[in-house]
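The structure displayed is predicted, hence computed values, not measured ones. What's counted below: heavy atoms across the whole structure, side chains too, no hydrogens, waters or symmetry copies.
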Amino acid sequence: MSDIQRYESTPRLSRVVVHNGVVYLAGITSSVRDGDIKVQTKSVLDTIDARLASVGSSKEKILSAQIWLKDIDRDFTGLNAAWEAWVPAAAAPARATCEAKLAAPELLVEIIVTAAL
């Protein structure tokens, strides 16, 4: 069995886990709490880029993404605009988008990513 490597860990969670050549990112929310969906999504995607790069991966290696929106009717189009500007066309991952109550009322989006190393 390969070693499990955990990064940016707290008693509650690790923000990045690597095992058997796969990178697992914990759910990422925006550091910009007062922005609209495009601003918050860009903030989340920038964090995904940084966390993947920190372990030697990148958005081109994303295998799957789970996206949670506070209000899917209002924000789905804006999310997709930010997402499509960011994700490489030839490397689009498997993806699901759902509506969910998020951890704080000002949060509009949370994204969970799994990527290859």
Side-chain angles (χ1 to χ4, degrees):
M1 179 171 116
S2 295
D3 289 331
I4 299 172
Q5 300 162 340
R6 302 174 197 280
Y7 302 92
E8 298 183 50
S9 297
T10 69
R12 182 177 300 162
L13 61 89
S14 294
R15 288 183 170 74
V16 182
V17 175
V18 177
H19 181 254
N20 281 341
V22 179
V23 181
Y24 303 89
L25 299 185
I28 299 169
T29 57
S30 178
S31 60
V32 182
R33 299 292 178 104
D34 59 349
D36 66 10
I37 189 62
K38 289 181 183 178
V39 168
Q40 286 200 21
T41 301
K42 169 103 171 56
S43 171
V44 170
L45 298 176
D46 289 347
T47 301
I48 290 171
D49 281 334
R51 290 201 179 139
L52 290 174
S54 76
V55 294
S57 188
S58 67
K59 65 185 171 188
E60 291 79 13
K61 296 180 179 182
I62 295 175
L63 304 170
S64 68
Q66 298 174 38
I67 302 173
W68 306 96
L69 291 174
K70 177 180 181 176
D71 185 333
I72 199 164
D73 293 329
R74 180 190 65 205
D75 291 335
F76 190 65
T77 300
L79 161 83
N80 281 332
W83 178 267
E84 290 167 8
W86 175 78
V87 74
R95 186 187 115 168
T97 306
C98 298
E99 184 175 271
K101 186 174 183 177
L102 300 178
E106 65 274 11
L107 292 173
L108 304 178
V109 61
E110 181 170 355
I111 301 178
I112 303 166
V113 165
T114 302
L117 250 182

Hydrophobic cluster membership, with links at side-chain heavy-atom distances under 4.5 Å among I/L/V/M/F/W/Y: are [X] and [Y] in one?
X    : Y   : answer
L117 : Y7  : yes
V17  : L52 : no
V16  : I62 : yes
I28  : V55 : yes

Of all heavy-atom pairs between Q40 and V32, which one has the smallest distance, and what is that distance?
CG-O, 3.3 Å
Please confirm whether the backbone N or O of [Y] pairs with a side-chain atom of [X], one donor and one acceptor, at under 3.5 Å?
X    : Y    : result
T41  : I37  : yes
E110 : T29  : no
E106 : R33  : no
T114 : Y24  : no
S57  : A116 : yes
K70  : V109 : no
K59  : V87  : no
D75  : G78  : no
T10  : R12  : yes

Has K61 got more than 12 heavy atoms of other residues, nucleotides or ligands less than 6.0 Å from its NZ?
yes
Compute whether any side-chain donor of one residue and acceptor of the other, for W86 and D46, lie under 3.5 angstrom apart.
no
Taking the side chain as every heavy atom from C-beta outward, state whether [X] and [Y] have any atom pair closer than 4.5 Å.
X    : Y   : value
I111 : W68 : no
I67  : L79 : yes
V18  : R6  : no
T97  : I72 : yes

Mind checking the [atom1]-[atom2] spacing from [X] to [Y]? Nearest 0.5 Å is all I need.
X    : Y   : atom1 : atom2 : result
L107 : S30 : CG    : OG    : 7.5 Å
L45  : K38 : CG    : NZ    : 13.5 Å
R15  : S54 : CZ    : OG    : 12.0 Å
T47  : K42 : OG1   : NZ    : 9.5 Å

Determine, for E8 against R51, whether the closest basic-nitrogen to carboxylate-oxygen distance falls under 4.0 angstrom.
yes
